[in-house]
Amino acid sequence: MAILAFPPPTVLTLLVAVAFLVVYAVPRVFGKRKYRQPPGPPGEFLLGHYRKIPFVAAFKQYAKWAKEYNSDVLYFETFGTKWIVLDSLKASVELLDKRGANYSDRPNFVLFEEMGWAPTLTWLRWGPQMHRHRKILQPAFSKAQVRQYQDNQQKQALLCLRSILDDPGNWNLAVRRFAVAIVLNIAFGVDVDGPNSPWIKIADDAAEAISNSGAPASSILDRFPATRYLPAWLPFMERLRYARKWRWAIKAITDLPFNQARQEIDEKIVRKCFAHDRLTIYNANAEKGVANDFTMDDIRGASAAIYIAGNDTTATTVILFVLYLMQNPHVQAKAQAEVDRVVGTDRLPTWDDIPNLPYLNLVLQETYRMNPLSPLGIPHAALHDDVYNGMFIPKGTIVYQNVWSMHHNVAVYADPATFYPERYLSKNEGGRGEPLPVGNFGFGRRVCIGRSLAENSLMAILVNIVATMQIEYPLDKDGKRTPFEPEWSFRGQSHPLPFPASFSPRSAKAEELLRNASFTGSSHSK
Ligand code: HEM
């Protein structure tokens with residue numbers, strides 16, 4: 001009889017559905033309705049915005065939409081993957097810095113997973129493994145800690161300039177060697193012998209694989225992860241073919257130096273470097289029977305992060321600096337005058353000179369502003385639902401920062417396409433009082449850990465270039481120096497394609513100083 005007291009199944013289903021609506025769905029849906037979705041262009045049926053985002057220079061299209069929709073937050077969605085693009089510094093600081101606890105996740109980088117990355121901080125989701133990587137890496141690159149690398153940075157800067165003296169046509173390679181030599185030594189204690197070192201080729205191959213892979217987490221594999229299981233030969237699976245084609249390059253940069261470090265440790269060759277330090281701790285724990293929460297794979301990924309994240313970024317910034325000095329001789333002359341005033345012309349610059357070179361620092365800042373290397377940043381992701389300026393940002397939303405757009409916003413930077421370091425000087429000093437660029441090293445709790453190291457490397461080489469070299473357009477066949485604009489690649493990372501530049505010593509004395517420079521500093525490994 002008791003059974004008869006239960007309502008029939010259809011009524012029961014109805015009751016459960018009503019209860020669900022009252023308790024769960026209605027408050028959520030209507031609660032969110034209070035807030036609007038950030039604006040953005042309309043998507044297509046089923047595909048959403050997938051086909052609307054250009055693969056090349058997406059940041060320029062996003063900047064146009066921000067103007068068109070008059071919003072510094074834009075919303076997009078494809079196959080259930082949601083992303084927003086922040087177009088202003090205000091929105092980036094508000095969300096990524098001030099509400100950093102909510103925006104410190106990363107999306108899954110499926111394309112990069114297909115490329116075979118080891119656990120690398122840059123791509124790790126928010127969680128215990130990411131915290132372990134950041135806790136181990138970040139202190140090693142603090143402002144105070146990176147001073148220990150200054151001797152080697154100075155030495156590598158001078159070796160670079162000597163190499164340019166001997167072979168000016170290959171200045172580009174000398175710059176790449178400079179950047180690789182610094183981070184490879186810190187990560188693996190390895191010295192880069194010369195421009196033909198295989199370590200430079202390994203770094204260049206990986207940089208090419210990464211920099212042409214599109215804005216991070218934007219491929220069809222990232223937007224619709226199930227597609228990674230489709231056959232790669234399908235016409236629309238070009239990105240999967242790309243990832244697999246370049247797997248060897250990522251494997252080489254993550255495995256080769258690490259395997260060498262392990263072998264050295266086995267052979268009791270000890271170097272002062274990140275990989276050896278971590279391997280020694282790992283082995284000591286293992287011998288004592290203590291569990292290692294930083295696994296071999298973690299050490300491999302973290303050491304590779306230093307090598308990968310630190311070489312192409314630094315080299316490309318130097319290459320941009322060369323380009324802008326070549327295109328703006330008056331800026332070069334002003335920087336030279338400052339260095340000559342502070343350093344004189346009968347010695348090379350030292351670290352103590354750097355704080356006395358404010359104009360050179362502004363030239364570097366202007367280099368950052370003109371062309372942020374990751375124009376859309378490395379995306380963060382929201383851990384929880386959030387509301388910003390009445391706009392609803394659901395949990396899991398991927399967050400890009402349009403750093404390029406922030407740095408080229410005419411409301412902040414007058415005439416943004418012009419290279420003009422004086423723009424940051426106050427009006428009293430004859431400038432425009434525009435703010436120094438922010439964002440090219442990222443935001444919040446995922447901000448670049450290598451910034452202090454990078455800025456030291458950059459100042460070490462820039463001051464020496466300015467002190468000793470004259471950079472000009474190369475002579476053409478008619479003996480003229482004709483200005484040109486190099487070609488650019490905007491297929492993910494933003495950088496100029498290799499271009500010629502003429503380097504010549506500023507004076508016989510400058511050449512003599514470079515040739516006779518003795519290195520008080522030795523590599524960190526020695
Ligand atoms: C001019 C040079 C450099 C630039 C422009 C640069 C830029 C960036 C940017 C934009 C990010 C993403 C930050 C974010 O998500 O908010 C980042 C992250 C990172 N950078 Fe750099 N970087 C440079 C040099 C270096 C160097 C020398 C190292 C070497 C230690 C390094 C290591 C890293 C690492 C490990 C991350 C990942 C941080 C995380 O996800 O928690 N970077 N960098």
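Whatever order the structure lists ligands and atoms in, that order sets their numbers, starting from 1.
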(request) Determine the interplanar angle of the H133 and F294 rings, folded into 0 to 90°, and report it as parallel if under 30°, tilted if 30 to 60°, perpendicular if over 60°. (result) tilted
(message) Using the ring centroid of each side chain, check whether Y50 and F224 are separated by less than 6.0 Å.
(response) no
(message) Any nitrogen or oxygen of H380 lying under 3.5 Å from a nitrogen or oxygen in ligand 1? Just yes or no.
(response) yes
(request) Considering only non-hydrogen protein atoms, determine which one is nearest to atom 15 (O) of ligand 1 and report residue, atom name and distance to 0.1 Å. (result) R106 NH1, 2.7 Å
(request) From atom 33 (C) of ligand 1, work out which of A454, A309, S104 has a heavy atom at the shortest distance. (result) A309
(request) Name the orientation class of the two ring planes belonging to W117 and W123 (parallel below 30°, tilted from 30 to 60°, perpendicular beyond 60°). (result) perpendicular
(request) Pick one of side chain, backbone, both or neither for how L121 approaches ligand 1, counting any non-hydrogen atom pair under 4.0 Å. (result) both
(message) Looking only at distances, can you tell me whether any N or O atom of F443, backbone or side chain, sits closer than 3.5 Å to an N or O atom of ligand 1?
(response) yes
(message) Can a donor-acceptor pair be found, under 3.5 Å and without considering hydrogens, that links the side chain of H131 to the backbone of G127?
(response) yes
(request) If you have a sec, work out which protein heavy atom is nearest atom 26 (C) of ligand 1 and how many Å separate them, to one decimal? (result) G310 CA, 3.4 Å
(message) Students should be able to answer this: which protein heavy-atom is nearest to atom 22 (N) of ligand 1, and at what distance?
(response) C448 SG, 3.1 Å
(message) What's the separation between atom NZ in K90 and atom NZ in K98, rounded to the nearest 0.5 Å?
(response) 8.5 Å
(request) Give the atoms of ligand 1, by number and element, whose distance to some non-hydrogen atom of G442 is under 4.0 Å. (result) 10 (C), 13 (C), 14 (C), 16 (O)
(request) Give the residue and atom name of whichever protein heavy atom lies nearest to atom 14 (C) of ligand 1, and the separation in Å to one decimal. (result) R446 O, 3.1 Å
(message) Under 4.0 Å, counting heavy atoms only: does E455 come that close to any atom of ligand 1?
(response) no
(request) Distance to 0.1 Å, residue and atom name: give those for the protein heavy atom nearest to atom 4 (C) of ligand 1. (result) F441 CE2, 3.4 Å
(message) Regarding atom 2 (C) of ligand 1: of the candidates L376, I378, T313, which has the closest heavy atom?
(response) T313
(message) Would R369 and Y413 count as a cation-pi pair here, with the cationic atom under 6.0 angstrom from the ring centre and within 45° of the axis?
(response) yes
(message) For H495 and F490, I'd like to know if the aromatic rings sit close, meaning centre-to-centre distance below 6.0 Å.
(response) no
(message) Regarding ligand 1, does Q401 bring an N or O atom to under 3.5 Å of one of the ligand's N or O atoms?
(response) no
(request) Rounded to the nearest 0.5 Å, what's the gap from CH2 on W248 to CD1 on I202? Could you check? (result) 9.0 Å
(message) Check contact between L137 and ligand 1, using heavy atoms of the residue and a distance below 4.0 angstrom.
(response) no
(message) Does any N or O of ligand 1 fall below 3.5 Å from an N or O anywhere on R451, backbone included?
(response) no
(message) Can you tell me how the ring of F76 sits relative to the ring of W65, calling it parallel under 30°, perpendicular over 60° and tilted otherwise?
(response) tilted
(request) Report, in ascending order of atom number, the atoms of ligand 1 lying under 4.0 Å from any heavy atom of I449. (result) 32 (C), 33 (C), 34 (C), 35 (C)
(request) Considering only non-hydrogen protein atoms, determine which one is nearest to atom 36 (C) of ligand 1 and report residue, atom name and distance to 0.1 Å. (result) T122 OG1, 3.8 Å
(message) Are any of the N/O atoms on Y368, whether in the backbone or the side chain, positioned under 3.5 angstrom from an N/O atom of ligand 1?
(response) no
(request) Please work out which of the three classes, parallel, tilted or perpendicular, describes the rings of Y62 and Y400, given edges at 30° and 60°. (result) parallel
(request) Would you tell me which option among V399, N440, D312 has the nearest heavy-atom contact to atom 7 (C) of ligand 1? (result) N440
